[in-house]
Amino acid sequence: MAIIAQQCPHIKVTVVDLNEKRIADWNDDNLDNLPVFEPGLDAIVREARGRNLFFSTEVDKAIDEAEMIFISVNTPTKTYGKGKGMAADLKYIELCARQIARVSKQNKIVVEKSTLPVRTASAIKSILDHTGNDVKFEILSNPEFLAEGTAVSDLLNPDRVLIGGDITPEGNKASQDLVDIYANWVPKERILTTNVWSSELSKLTANAFLAQRVSSINAMSEICEKTGADVDEVSRAIGMDSRIGSKFLKASVGFGGSCFQKDILNLVYIAKSYGLNEVADYWEQVILMNEYQKERFTNQMITALYNTVSDKKITFFGWAFKKDTNDTRESAAIKVADNLLNEQAKISVYDPKVKANQIYADLDYLKTRKETENKSLLTVETEPYTACENSHCIAILTEWDEFKTYNWQKIYDNMLKPAVIFDGRSLLERKKMEDIGFIYYSIGSGITKE
Ligand code: UGA
């Protein structure tokens, strides 16, 4: 919404939320306090806020005034009842639709921006049509393809914008209205219009394919470690095949983020609900491979530390699910930490952007042990060198650029020996680390050769 406001000064954009603290943070004079850390976003908000971009808790008023409403609420995996652990929880979407229906007095276009299971638009339409004040609603699907950490550039220069609408004269008119907004800065040939179901399914499909690439290269990373191949070299070699392409082939300790797992589970649930068990199993394997990769990383650590990490200090560099974001949802670090805490390790975490209360909240959410135990077993440091003092090993969980620039000799000198690095992102230079004296394990190229 910030980008739309910045690119379209003639359009008034109001972002509403029930959460007063969140809205207050979006309105904070100090742009460092924006609730989301995203490179370049502060400048966009500075330019548009107060001009044609507004943040408010007056939800009814904003609905009443709007011609077009984007529903952008979360759709987490259900944690209860039918479809638990797989289906998307559409509770917030439904609440939104009911509120729009109750308040609206003029015809409106309602845009699904949240990622949703296929055919959700028809549920929204049914709620709007049956509970509203006889106003007409057109429902569009406009899935978001930005990635966190690069959101601003992804939005300013998207590969494509996808708009799904009803194939009726009214549906086409609504789609065109949204096309006209994006056309203010996106070349027309990159704006695709489809029917609603294709648009909804394309979003799930894109995330499933992306996650599948990561699981595929992660599966190869283990073969590389066993055979002496180097996964980065394999990625480079296959990525030069233009049919495969070079992006999204970086082996890692496992993908995280709010979307990949949720969207694939969603896809699996949809497939199962149509009785497509082979299709469901195929996609579920992408998730199982990802779980295995996190497990495998932890087991490598335990094995290399003489089969016990009990009472040993282990330093985590990175907690976010990827660099350049403070988002930790489904981050591999959470599972790896939980596994190691089960083995009675002592963990010290340093992440440039993630705050201590978030890290504890992530662990407490798992309910593996008491909150007090998480607090006593895991400490959060605000300085990387302190985090490594007297550590047995360092695990790199997020690929933050700054990790590459540290004084690794100084880090080595202050660690217990043998000092080990478990590089879950193959971020550092093996030779440099080995020359300093580290035992260096990197995902996809194994441990220091004796
Ligand atoms: C992903 C998609 O890339 C976006 O297109 C989509 O809009 C978004 O989900 C969404 O549905 O909201 P995001 O989760 O923000 O974006 O970040 P990604 O860059 O896709 O990374 C996801 C995870 O995969 C991260 O943990 C990342 O470290 C990992 N990854 C990515 C790898 O391990 N290797 C790679 O080569 C690429």
Side-chain angles (χ1 to χ4, degrees), residues 3 36-39 41 72-77 88 112-117 141-155 157-162 199-221 231-232 234-236 238-239 244-267 286-287 289-294 296-297 318-336 351 354 396-401 403 423-427 442-444:
I3 298 281
V36 172
F37 168 71
E38 191 60 51
L41 179 60
S72 316
V73 294
N74 57 336
T75 50
T77 306
E112 299 176 338
K113 200 71 180 149
S114 309
T115 302
L116 295 164
S141 159
N142 175 217
E144 188 47 67
F145 294 105
L146 70 82
E148 290 182 30
T150 51
V152 170
S153 57
D154 291 348
L155 286 167
N157 190 20
D159 287 345
R160 80 316 208 171
V161 168
L162 182 56
S199 171
E200 288 179 338
L201 185 60
S202 298
K203 169 67 195 196
L204 296 183
T205 309
N207 274 353
F209 270 57
L210 290 168
Q212 181 199 39
R213 274 172 82 91
V214 178
S215 274
S216 296
I217 200 69
N218 282 346
M220 300 320 291
S221 74
V231 79
D232 287 336
V234 172
S235 292
R236 202 173 321 125
I238 65 165
I244 297 175
S246 60
K247 293 180 185 163
F248 250 76
L249 284 179
K250 183 77 184 156
S252 68
V253 55
F255 61 72
S258 64
C259 302
F260 282 179
Q261 175 163 316
K262 167 176 80 80
D263 291 354
I264 293 180
L265 287 173
N266 217 330
L267 202 58
V286 173
I287 305 273
M289 184 63 224
N290 198 48
E291 289 306 309
Y292 173 68
Q293 188 77 344
K294 293 183 255 183
R296 191 169 84 74
F297 187 74
W319 189 268
F321 82 98
K322 63 186 283 197
K323 72 172 179 179
D324 292 337
T325 177
N326 58 352
D327 194 343
T328 64
R329 285 174 290 176
E330 303 293 343
S331 178
I334 303 171
K335 191 70 211 293
V336 174
D351 186 288
V354 182
I396 298 182
L397 277 308
T398 314
E399 74 283 21
W400 286 101
D401 289 329
F403 298 160
D423 189 343
R425 297 287 184 164
S426 64
L427 185 75
S442 177
I443 207 103

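Start at 1 and go down the list; that is how both ligands and their atoms are numbered.
For atom 21 (O) of ligand 1, the choice among K203, Q293, K322, K247 with the nearest heavy atom turns out to be K322.
At the top of the distance list for atom 36 (O) of ligand 1, counting protein heavy atoms only, stands K250 N, 2.8 Å. When only non-hydrogen protein atoms are considered, atom 26 (O) of ligand 1 lies nearest to F321 O, 2.7 Å. When only non-hydrogen protein atoms are considered, atom 15 (O) of ligand 1 lies nearest to E148 N, 2.7 Å. Of the protein's non-hydrogen atoms, the one nearest atom 10 (C) of ligand 1 is C259 SG, 3.0 Å. Protein heavy atom nearest atom 2 (C) of ligand 1, with residue, atom name and distance: N207 OD1, 3.6 Å. Of the protein's non-hydrogen atoms, the one nearest atom 7 (O) of ligand 1 is L146 O, 2.7 Å. Looking at atom 30 (N) of ligand 1, its nearest protein heavy atom turns out to be V214 CG2, 3.9 Å.
Between the side chains of S153 and N157, no donor N or O sits under 3.5 Å from an acceptor N or O. For the residue pair K262 and T75, a side-chain donor N or O sits within less than 3.5 Å of a side-chain acceptor on the partner. A donor atom on one side chain and an acceptor atom on the other are not found under 3.5 Å apart for S199 and E112.
Put simply, part of R425 is less than 4.0 Å from ligand 1, judged by heavy atoms. Using a 4.0 Å heavy-atom cutoff, T115 is absent from the residues neighbouring ligand 1.
In this structure, R160 and A206 approach most closely via the heavy-atom pair NH2-CB, 4.0 Å.
Contact of the N218 side chain with the Y292 side chain is not registered, since no non-hydrogen atoms from C-beta on lie closer than 4.5 Å. Residues L249 and I244 meet the side-chain proximity criterion, which asks for heavy atoms closer than 4.5 Å.
Using a 4.0 Å cut-off between charged nitrogen and carboxylate oxygen, K294 and E291 count as a salt-bridge pair.
Of the options S221, S426, S442, a side chain to side chain donor-acceptor pair (under 3.5 Å) to D232 is made by S426 and by none of the others.
Numbered from 1 in the order shown, with element, the atoms of ligand 1 that lie under 4.0 Å from a heavy atom of E144 read 7 (O). Atoms of ligand 1 found under 4.0 Å from any heavy atom of S252, numbered from 1 in the order shown, are 32 (C), 33 (O).
Of the N or O atoms in A251, none lie within a sub-3.5 Å distance of an N or O in ligand 1.
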Practice task
Show the numbers, then the answer: is there a side chain to side chain contact (heavy atoms under 4.5 Å, CB included) between S331 and L397?
Solution key: CA-CA 9 Å; S331 178; L397 277 308; 5.9 Å; no
